[in-house]
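What follows is one structure encoded as structure tokens, with my remarks underneath.
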Amino acid sequence: MKTLQSTLLLLLLVPLIKPAPPTQQDSRIIYDYGTDNFEESIFSQDYEDKYLDGKNIKEKETVIIPNEKSLQLQKDEAITPLPPKKENDEMPTCLLCVCLSGSVYCEEVDIDAVPPLPKESAYLYARFNKIKKLTAKDFADIPNLRRLDFTGNLIEDIEDGTFSKLSLLEELSLAENQLLKLPVLPPKLTLFNAKYNKIKSRGIKANAFKKLNNLTFLYLDHNALESVPLNLPESLRVIHLQFNNIASITDDTFCKANDTSYIRDRIEEIRLEGNPIVLGKHPNSFICLKRLPIGSYF
């Protein structure tokens, strides 16, 4: 009977038992769930659970996983490409000679051939060396040359076409060499100097100077010429032919035999001293000149 009473009492008390209230942690989660920033709260909670404990925080902050672009950028920065090598960087001539503002000075350096020149060269001074020959290749790629000076070398031969591409060349000196004949000369020459060589008259073609309409100064003294070169241009002012083997001249050498009114007024100086010619025997050869040639008249 007592057992039955105890059972009934227990049944009456069961509905009055309430579940325990949630813990503080559970209450906070439920509160966050009810906010508008649910995803942000969940991410924050997940981050705190996993990384807010000393070592993990440090590891998370220092470990960076680079993507493909950042790796390529680091590679490009690590390897700095060299600047492209220019053709004139080597400049072997300018180590031996002096290159300055388009001028190349190769004087007394014992070279035996024309050295490779910078393409922008306008003036070459190669005096007092041991050059024996000039070739067409020497100036093939140097179109801007205006002055060449090979005084005091050993030049015996000049290839045909050596100066053919030098359309701007104005001054050419081949003085004090071993030349027996003249090359074809460029059309814009104003000065040509070939004194102190071994040139004979047969070494100068009949029309060698005819088309040189700018030629002003012609120096052919101290050679082996037997006659004055033919077809000298009207532009000449100074002609040096002293100390050759010239024995005679004609009425057409400087003037025009069939035109007594012709005056050659540009010529200022003709030198013929040191030749076997007696100028007084050829008075009609000078009637067109304003000044008589320098030389022996008796």
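Quick caveat, the model's predicted, so the values are computed rather than measured.
Counting heavy atoms from C-beta outward, E156 and N177 have side chains that stay 4.5 Å or more apart. Taking 4.5 Å as the limit, every side-chain heavy atom of C255 sits out of range of all side-chain heavy atoms of T253. Under the 4.5 Å side-chain criterion, counting only non-hydrogen atoms from C-beta, K211 is not in contact with P187. Within the 4.5 Å cutoff, the side chain of T162 has no heavy atoms near those of the P183 side chain. At least one side-chain heavy atom of F192 sits less than 4.5 Å from a side-chain heavy atom of L220. The shortest side-chain heavy-atom distance between Y297 and L292 falls under the 4.5 Å cut-off. Two residues are said to be in side-chain contact when any heavy atoms from C-beta on lie closer than 4.5 Å; N245 and S201 fail this criterion.
Remark: E107 engages R127 in a salt bridge, criterion side-chain N to carboxylate O under 4.0 Å.
At a cut-off of 3.5 Å, with distance as the only test, a side-chain donor of H240 or E269 sits close to an acceptor on the other residue. Between the side chains of T250 and D252, no donor-acceptor pair is found at a separation under 3.5 Å. One side chain, T151 or S173, offers a donor N or O that lies under 3.5 Å from an acceptor on the other. At a cut-off of 3.5 Å, with distance as the only test, a side-chain donor of N207 or N231 sits close to an acceptor on the other residue.
At a threshold of 4.5 Å between side-chain heavy atoms, the hydrophobic network of Ile, Leu, Val, Met, Phe, Trp and Tyr places I111 and V98 in two separate groups. When hydrophobic clusters are built by joining Ile, Leu, Val, Met, Phe, Trp and Tyr residues whose side-chain heavy atoms come closer than 4.5 Å, directly or via intermediates, L96 is grouped together with V114. Y219 and L272 sit in two unconnected hydrophobic clusters of ILVMFWY residues. Membership requires side-chain heavy atoms under 4.5 Å apart, directly or through other members. Taken together through direct or relayed side-chain contacts under 4.5 Å among Ile, Leu, Val, Met, Phe, Trp and Tyr, L166 and L174 form part of one hydrophobic cluster.
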Checking side-chain contact (heavy atoms from CB on, under 4.5 Å) for the pair I204/F209: CA distance, chi angles, key distance, verdict? CA-CA 9 Å; I204 301 178; F209 302 105; 3.9 Å; yes

Would Y196 and D221 satisfy side-chain contact (heavy atoms from CB on, under 4.5 Å), going step by step from the backbone distance to the final call? CA-CA 7 Å; Y196 287 97; D221 52 283; 4.3 Å; yes

Practice problem: Assess whether side-chain contact (heavy atoms from CB on, under 4.5 Å) is satisfied between V238 and T216, documenting all intermediate values. | Solution: CA-CA 7 Å; V238 175; T216 305; over 6 Å; no

Run the side-chain contact (heavy atoms from CB on, under 4.5 Å) test on N193 and F217 for me, step by step, so that the C-alpha distance in whole Å, both residues' side-chain angles and the decisive distance to 0.1 Å come before the verdict. CA-CA 8 Å; N193 188 349; F217 303 94; over 6 Å; no

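Here the CD1 atom belonging to I199 is positioned 11.0 Å from the CD atom belonging to Q178, to the nearest 0.5 angstrom.
Contact record, F163 with L148: CE2-CD1, 3.9 Å, taken as the closest heavy-atom pair.
Residues passing the side chain to side chain contact (heavy atoms under 4.5 Å, CB included) test with S121, sequence neighbours excluded: V104, L117, P118, I142, L145. Here Y262 pairs with E234 under the side-chain hydrogen bond (donor to acceptor under 3.5 Å, both in side chains) rule; sequence neighbours left out. Under the side-chain hydrogen bond (donor to acceptor under 3.5 Å, both in side chains) criterion, T135 pairs with D138, not counting sequence neighbours.
Around CG of D265, the count of heavy atoms belonging to other residues, nucleotides or ligands within 6.0 Å exceeds 12. Within a 6.0 Å sphere centred on CG of N258, heavy atoms belonging to other residues, nucleotides or ligands number 12 at most.
Ring geometry, F286 versus F254: the interplanar angle falls from 30° to 60°, so the pair is classed tilted.
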